[in-house]
Amino acid sequence: MKKKVLALLLATGVVASMLAACGGSGDTGAAPAADATATADADAADDADEGAGSGEVTNFTMFITMPGSEINDDNEIAQMIADKWGVKVKETWLTGQTASEATGTLIAGGEYPDFIDSDEMNLLVDADALVALDDYIDQYPEFRDKWFTKEEWDKFRQPDGHIYWINPFGNTKGETKQTTHNDEAFWVQVRVLEWAGYPEIKTMDQYFDLLEKYIAENPTMEDGTENIAYTILCEDWRYFCLENAGQFLAGYPNDGSVIVNKSTMTIEDYNTSEDTIQYFKKLNEEYNKGFVDPESFTQTYDEYIAKLSTGRVLGMVDQWWDFAYTVNDSFKQSGLDLKGCNYVPLGLTTKEGMENRWHTYDDTVNQASGIAITTDCQDVDKAFKFLVDCAMDQELHDLRWWGVKGVDYDVDADGLYFRTPEQRQNWADTSYQAKHRCQYSYFPQWHGTSDDGKNANKPEEQPSEFMSDMAEPLKKCFDAYGHTTYPQFIGSVQETNGPWFPMYSFSNNFTTETPGGVAWAKMGECKHEWLPKVVMAKDFDKGWGEYMAAYEACKPEDFIKEMQDILDTFK
Amino acid sequence: MARTKTENRPKIKMSGKELRRQKFLLVVSFFMVAYGVVFYYWPLTGWLMAFQNYKPKKGLLGSKFVGLDKFKFLFEDDVFIKVIRNTFAMGLINLVTTTIMAVLFAIILNEVRRVWIKKPIQTISYLPHFLSWIVVTGILHTSLSSSGIVNEILLKTGLINQAINFFAHPKYFWAIVAFAQNWKETGWNAIIYLAAITAIDPSLYEAASIDGADRLQKIRYITLPGIKPTFLILLLMNVGNVLNAGFEIQYLLGNGLVQSVSQTIDIYVLKWGISQNDYSLGTAAGLFKSAVSILFIVIANEIAKRYSEQRLF
């Protein structure tokens, strides 16, 4: 009998745990948001508007489908922001997955953070995961009118007529202070230019020529580390470093996935264009001569950044935001900036005398991504208010980007902000960043001039800061060419881009629902495999022929046709 | 469960009296059946997605039924055909090599007579099993890189004169995966064989010694036949797993250059199902995998039935 009782107990135990497991899925949905709920309820009891000053802090979560560094929970500036604006955001970043996998996993799980920034926004909308923001935007007319024009807002409208996300980047307030080239380029270390006596480099051939000559005479760095002439990042979506230079070399702007021929208003495929062939042929030649880093096609992003941080790499194609923040900080820490390891951009073309459009002067509005509030957010009002505060409150903006007055920066007699060398060193130090700095870098932010009319919104755009932050070799290089900003190195044509620009913001939203979307996915897969193969091929023409056969099999014409349909709407 | 049991034994009639007599068993087994239905069979309704154009918003009931369209897409996709090949090839290589290595290792370790040597070796050998793949692939990636230890040694010893970029050539990929699999799992897999060897009656060895058998002969005629049942059962179970050739290792070690040999069905499912948000296509690929796995295991079971007493069902 005893045995029977035991068995019965066990059986009920199993059932109990089963029920617990079933019920659990419902419960856990609320669990992560529990903190937020509790405080949010308390807040709702107060007047919502006064909530900010009343010392009630609402904790929000945010997921960003980009790799980033998490800040400490007791981060000092985050706490100051929480004290004053009543909101603390716990940011988590992409690790180990690709952006679309992470988004897909969230959707499959059905639980979302309060804020999300993803490249796959339309998927989230499809899954009913996002809160329509139209009404909230209208509650803050000042923000609405200042942040985007009506046409720009309309670009964010989804087929159902609602706006679900706001792109936080690329907006300029007041006078532009653009000093960086926040775009793609062929980059080269200033020590190479210095060695060659600061020559004018205009074409791809001259560029590789320079790298070859430099490395022939300087095979190693001072400490004996071998120099690498040229490396290519091609992990996952970051393979643009290999993939799309062809469009720029042909003189077109960064439409990303296609070329727009403005005179005929047609979409052209740069993958098969003459300039692209020439570009890959050059890479192939350099690879076979041994000047391209053999690990190019197998390295991960982390390995790539680590490699750049050693200062060994003389040149590469990349976007400024993809490497500069991390790599420049680490140069400053290791003192390699004094050895001329910093990079300057070059606006190369295939032939001399061509116009180039590497640099985008206008604000680029990428309507394919941005910050959104999810349906799991318990206090959308407060969340949206904070989002607006980030854009509209100069004090908050300064705290995020400049830091604490007297600690991270000082103010001179004219009211201009500046940093001492020590402050600059701190600001670039990763452990200091985790403990002190809190940028909420995927919340709305401005370039250009601060509300005080003097200072730049971003420290790197403050002219005095920009110059004094430069290490000696970099400054010498700027002086030698007579440039005061990075874009001057590129020398792009100044012109206004069409309303369709950038086309990649449309193709990023393609899904496999349409033949064009399927083709786009397959083309990407094909290029991921074949472009490295083409570069490594012993016989370029044969390799290119094989690649083209595989490429045509993906039916790129389906994709081009759908892009053309989109472009036609702008006629 | 209870019913099939009574049906299998026609001698016992399913009378009310019999049911009352077994009521306790019936109650207990009811819970187990319920558990099985809820956790093993209910989720399978998700397979319906493979025949729909599933949209998370519309749900399983609201999505459009498209028949075999998704399967058609799959088998017209060259990539998927390659993916099947990769999965099958890597699964088979892993199955064969890990089994052989485990048996070999167990036998060799068994022949070590000194416990103070044997025990530490055993412990050390199965420790890698507890490492996660991300760590193992990290080690592999570093040691096989152009400036890694492997290339360093090969260069220093003069076997090659230019560093080999192991991850850039499709021809090395399967070998690297098999090596990693063996490095990680040999010790662990050997445990069960060691246990089987321990269960062999020592008197057999004594008798063999008296008959003048040497070590190799004892292994050949006693140890190997002794672990044959274990070997066959494990092999049978693993045949069903051939298409589970892995996910993490190929996912973490793969890159654009080797994707034509590195992608497995699981990665394909992730890529289309999650990244491209085509749950239906992902489900179809997964369904295909399950169907083939079941087929494999039935065939293997039949073969085992025919040639020996061992079988799963």
Side-chain angles (χ1 to χ4, degrees), chain A residues 4 7-8 10-15 17-19 21-22 96-105 107-108 110 120 122-123 125-129 226 234-236 239 242 290 293-300 303 511-513 517-518 521-522 525-533 536 550 553, chain B residues 24-25 27-32 34-35 38-39 42 53 55-58 73 77-79 134 137-138 141-142 144-148 151 162-170 248 251-263 267 270-282:
Chain A
K4 279 190 176 180
L8 201 59
L10 280 176
T12 35
V14 166
V15 175
S17 63
M18 190 165 112
L19 292 174
C22 287
Q97 288 174 305
T98 66
S100 45
E101 279 162 20
T103 314
T105 313
I107 293 172
E120 306 282 345
N122 55 333
L123 300 186
V125 172
D126 271 352
D128 274 341
E226 256 178 76
C234 56
E235 194 200 21
D236 195 30
Y239 86 133
L242 170 69
D293 176 14
E295 280 173 23
S296 287
F297 308 115
T298 54
Q299 66 194 347
T300 62
E303 286 167 344
T511 65
T512 49
E513 285 288 288
V518 173
K522 287 191 171 177
E525 199 158 314
C526 169
K527 281 155 74 181
H528 266 286
E529 178 175 352
W530 276 98
L531 292 181
K533 272 193 187 168
M536 292 167 71
Chain B
F24 178 77
L25 290 175
V27 170
V28 172
S29 53
F30 166 79
F31 288 122
M32 299 319 287
Y35 178 86
V38 171
F39 286 106
W42 181 247
N53 194 5
K55 289 272 155 285
K57 201 174 183 173
K58 292 184 188 144
F73 180 95
D77 187 3
D78 292 343
V79 175
I134 188 88
T137 52
H141 221 259
T142 315
L144 289 177
S145 75
S146 309
S147 50
N151 270 313
Q162 203 193 354
I164 302 173
N165 196 355
F166 287 98
F167 291 106
H169 300 287
E248 287 116 314
Y251 180 74
L252 294 166
L253 285 181
N255 58 56
L257 267 177
V258 295
Q259 68 183 14
S260 61
V261 296
S262 73
Q263 278 194 33
I267 295 177
L270 177 82
K271 212 165 185 175
W272 285 89
I274 299 290
S275 298
Q276 300 287 349
N277 216 33
D278 194 339
Y279 290 98
S280 297
L281 194 64

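Protein chains get the first letters and strands the later ones, always in sequence-line order, with residue 1 at the start of each.
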Trainee: What part of B:Tyr279 gets within 4.5 angstrom of chain A, counting heavy atoms only: side chain, backbone, both, or neither?
Mentor: side chain

Trainee: Write down the atom of B:Asn277, the atom of A:Leu123, and the distance for their closest heavy-atom approach.
Mentor: ND2-CD2, 3.4 Å

Trainee: Please answer whether the main-chain N or O of B:Ile134 pairs with a side-chain N or O of B:Thr137 as donor and acceptor at a distance below 3.5 Å.
Mentor: yes

Trainee: Could you tell me which of A:Glu525, A:Glu235, A:Met536, A:Glu120 has the largest number of non-hydrogen atom pairs under 4.5 Å with chain B?
Mentor: A:Glu525

Trainee: Looking at B:Ser260, B:Ser145, B:Gly273, which one has more heavy-atom pairs under 4.5 Å with chain A than the rest?
Mentor: B:Ser260

Trainee: How far apart are the closest heavy atoms of B:Asn165 and A:Glu295, and which atoms are they?
Mentor: ND2-CA, 3.8 Å

Trainee: Which atoms of B:Lys271 are under 4.5 Å from chain A, going by heavy atoms: the side chain, the backbone, both sets, or neither?
Mentor: side chain

Trainee: Heavy-atom cut-off 4.5 Å, strictly under: side chain, backbone, both or neither for A:Thr511 against chain B?
Mentor: neither

Trainee: Start with the C-alpha gap between B:Tyr35 and B:Phe31, add the side-chain angles, then the distance that decides, and say whether ring-ring contact (aromatic ring centres under 6.0 Å, His included) holds.
Mentor: CA-CA 6 Å; B:Tyr35 178 86; B:Phe31 288 122; over 10 Å; no

Trainee: How about B:Ile274 and A:Ser100: do any of their side-chain heavy atoms sit closer than 4.5 Å?
Mentor: no

Trainee: Measuring from B:Phe73:CZ to B:Trp272:CH2, what's the distance to the nearest 0.5 Å?
Mentor: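 Taking CZ in B:Phe73 and CH2 in B:Trp272, the distance rounds to 4.0 Å.
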
Trainee: Heavy-atom distances under 4.5 Å only: say whether A:Thr103 touches chain B with side chain, backbone, both or neither.
Mentor: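 Neither the backbone nor the side chain of A:Thr103 comes within 4.5 Å of chain B.
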
Trainee: Counting only non-hydrogen atoms closer than 4.5 Å, does B:Val258 touch chain A with its backbone (N, CA, C, O), its side chain (CB onward), both, or neither?
Mentor: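 For B:Val258, neither part sits under 4.5 Å from chain A.
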
Trainee: If you tally heavy-atom pairs under 4.5 Å against chain A, which of B:Leu253, B:Asn255, B:Leu257 wins?
Mentor: B:Leu257

Trainee: Heavy-atom distance under 4.5 Å to chain A: side chain of B:Tyr251, backbone, both or neither?
Mentor: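 It is the side chain, since no backbone atom gets that close.
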
Trainee: Please classify the contact between A:Glu513 and chain B as side chain, backbone, both or neither, with a heavy-atom cut-off of under 4.5 Å.
Mentor: side chain

Trainee: Minimum heavy-atom separation for B:Gly254 and B:Ser262, please, with both atom names.
Mentor: CA-OG, 4.1 Å

Trainee: Quick one: what part of A:Ile107 sits under 4.5 Å from any heavy atom of chain B, side chain, backbone, both or neither?
Mentor: both

Trainee: Working note: B:Phe166 + A:Thr298, criterion side chain to side chain contact (heavy atoms under 4.5 Å, CB included); need CA distance, chi angles, decisive distance, verdict.
Mentor: CA-CA 9 Å; B:Phe166 287 98; A:Thr298 54; over 6 Å; no

Trainee: Who among B:Ala168, B:Ser146, B:Ser147 has the most heavy-atom pairs with chain A under 4.5 Å?
Mentor: B:Ser146

Trainee: Please verify the inter-ring angle class for A:His528 with A:Tyr239; under 30° counts as parallel, over 60° as perpendicular, anything in between as tilted.
Mentor: parallel

Trainee: A:Lys527 versus chain B, heavy atoms under 4.5 Å apart: side chain, backbone, both or neither?
Mentor: neither

Trainee: Which atoms of B:Asp78 come close to chain A, meaning under 4.5 Å heavy atom to heavy atom: side chain ones, backbone ones, both, or neither?
Mentor: neither

Trainee: Checking heavy atoms, do the side chain of B:Gln263, its backbone, both or neither come under 4.5 Å from chain A?
Mentor: side chain

Trainee: Counting N and O atoms only, with roles assigned by atom type, does the side chain of A:Glu303 sit under 3.5 Å from a partner on the main chain of A:Thr300, one being a donor and the other an acceptor?
Mentor: yes

